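Nothing fancy with the numbering, it's 1 onward along the sequence. The shown structure was predicted, so the numbers you read here are calculated from the model rather than taken from an experiment.
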Amino acid sequence: MSISLICVSSLAFLSLVLAVAVTLARGKFNVLTGIPSDPSNTLYKLIRAHDNTVEYAPILALLIYILGQNSPSVWVEWFMILVTFSRYLIVAGIVIPQTLAKSNPMRFIGAMGTYIFGLALCFALAQQAIIS
């Protein structure tokens, strides 16, 4: 089983599901362009979740893919899983709450996980480049 490919696939899936959700919500609410300004609006939350995902998922997927090509250590595989989980957690923290006007633990933990585990994967890739 390839942890790295499962994580890359999961990040791509998240991005595409959010894209479909935004498209369907635009149709449901009859909003073809733009972003609603109300942070409790469902379309607003879906657009923010999708925007946030497409900001981070591509670079994380690339890091995970490259690291996965050279038999990564166990800690690197765990960090791949944790950064992927963090991306799902932040999306849940954006979409589930009533409003984005208030902070919530899911968004905070998801963001911190993205930063910590993502930076650790950058370190792992730099370490791999230096050693090889």
Side-chain angles (χ1 to χ4, degrees):
M1 175 172 58
S2 174
I3 300 283
S4 63
L5 293 181
I6 291 170
C7 290
V8 169
S9 173
S10 297
L11 290 169
F13 178 80
L14 180 62
S15 181
L16 292 170
V17 165
L18 286 168
V20 169
V22 168
T23 299
L24 294 174
R26 284 191 179 283
K28 178 180 178 182
F29 298 115
N30 198 25
V31 178
L32 299 180
T33 62
I35 302 171
S37 59
D38 177 8
S40 62
N41 181 285
T42 301
L43 179 58
Y44 176 88
K45 294 189 295 184
L46 287 170
I47 290 171
R48 286 303 310 130
H50 183 253
D51 286 349
N52 191 278
T53 298
V54 298
E55 286 180 56
Y56 290 94
I59 194 66
L60 292 172
L62 183 62
L63 276 169
I64 291 168
Y65 179 77
I66 293 169
L67 285 165
Q69 298 306 298
N70 295 314
S71 301
S73 62
V74 173
W75 78 265
V76 172
E77 287 185 330
W78 271 106
F79 279 29
M80 291 174 182
I81 294 167
L82 290 169
V83 78
T84 302
F85 175 77
S86 295
R87 296 311 309 156
Y88 274 80
L89 188 60
I90 199 167
V91 166
I94 292 171
V95 174
I96 293 171
Q98 292 288 89
T99 182
L100 289 181
K102 300 176 188 173
S103 62
N104 69 67
M106 288 186 293
R107 278 175 51 202
F108 178 78
I109 294 167
M112 289 300 105
T114 297
Y115 301 147
I116 292 166
F117 301 123
L119 288 169
L121 292 177
C122 290
F123 172 77
L125 185 56
Q127 184 181 36
Q128 181 178 305
I130 292 168
I131 292 172
S132 56

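- If you take CD1 on Ile90 and CZ on Phe108, they are separated by 10.5 Å, rounding to the nearest 0.5 Å.
- To the nearest 0.5 Å, the span separating CH2 on Trp78 from CD1 on Ile3 amounts to 8.0 Å.
- Heavy atoms only, all atoms of each residue included: Ala124 and Val76 are closest at CB-CG2, 3.8 Å.
- Taking CG from Leu67 and CD from Gln127, the interatomic distance works out to 10.0 Å, rounded to the nearest 0.5 Å.
- Using a 4.5 Å cut-off between side-chain heavy atoms of Ile, Leu, Val, Met, Phe, Trp and Tyr, with links allowed through other members, Val83 and Ile66 fall into the same hydrophobic cluster.
- Both Leu63 and Trp75 are assigned to one and the same hydrophobic cluster, defined by single-linkage of ILVMFWY side chains at heavy-atom distances under 4.5 Å.
- Using a 4.5 Å heavy-atom cutoff, the side chains of Ser86 and Ile109 are not in contact.
- Here CD of Glu77 is found 11.5 Å from CD1 of Ile64. Values are rounded to the nearest 0.5 Å.
- Distance OG1/Thr84 to CG/Leu60: 7.5 Å, rounded to 0.5 Å.
- Using a 4.5 Å cut-off on side-chain heavy atoms (C-beta onward), Val91 and Asn52 make no contact.
- Side chains of Ile96 and Asn104 form no contact here, defined as non-hydrogen atoms less than 4.5 Å apart.
- Counting all heavy atoms, side chain and backbone alike, Leu43 lies closest to Arg26 at CD1-CG, 3.9 Å.
- Nearest approach of Ala61 to Val8, heavy atoms of both residues: O-CG2, 3.5 Å.
- Although no hydrogens or angles enter the test, the distance criterion places a donor-acceptor pair under 3.5 Å between the side chain of Thr23 and the main chain of Ala19.
- Shortest non-hydrogen contact noted between Pro97 and Ala92 is CD-O, 3.5 Å.
- The 12-atom threshold is exceeded at OH of Tyr88, counting heavy atoms of other residues, nucleotides or ligands nearer than 6.0 Å.
- Counting heavy atoms from C-beta outward, Phe79 and Pro72 have side chains that stay 4.5 Å or more apart.
- The hydrophobic clustering, which links ILVMFWY residues whose side-chain heavy atoms are closer than 4.5 Å, places Leu62 and Leu125 together.
- Counting all heavy atoms, side chain and backbone alike, Glu55 lies closest to Arg48 at OE2-NH2, 4.4 Å.
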Can Ile116 and Leu82 be said to form a side-chain contact (heavy atoms from CB on, under 4.5 Å), step by step?
CA-CA 10 Å; Ile116 292 166; Leu82 290 169; over 6 Å; no
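- By the rule that hydrophobic residues join a cluster once side-chain heavy atoms approach within less than 4.5 Å of another member, Phe29 and Leu100 end up as members of one cluster.
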Kindly indicate, with the supporting measurements, whether the criterion side-chain contact (heavy atoms from CB on, under 4.5 Å) is fulfilled by Asp38 and Tyr44.
CA-CA 7 Å; Asp38 177 8; Tyr44 176 88; 6.0 Å; no
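- The heavy-atom pair separating Ser103 from Arg107 by the smallest distance is CA-NH1, 4.4 Å.
- Hydrophobic clustering, with ILVMFWY side chains joined whenever heavy atoms are under 4.5 angstrom apart, groups Phe85 together with Tyr115.
- Atom CE of residue Met80 and atom CG of residue Leu5 lie 9.5 Å apart, to the nearest 0.5 angstrom.
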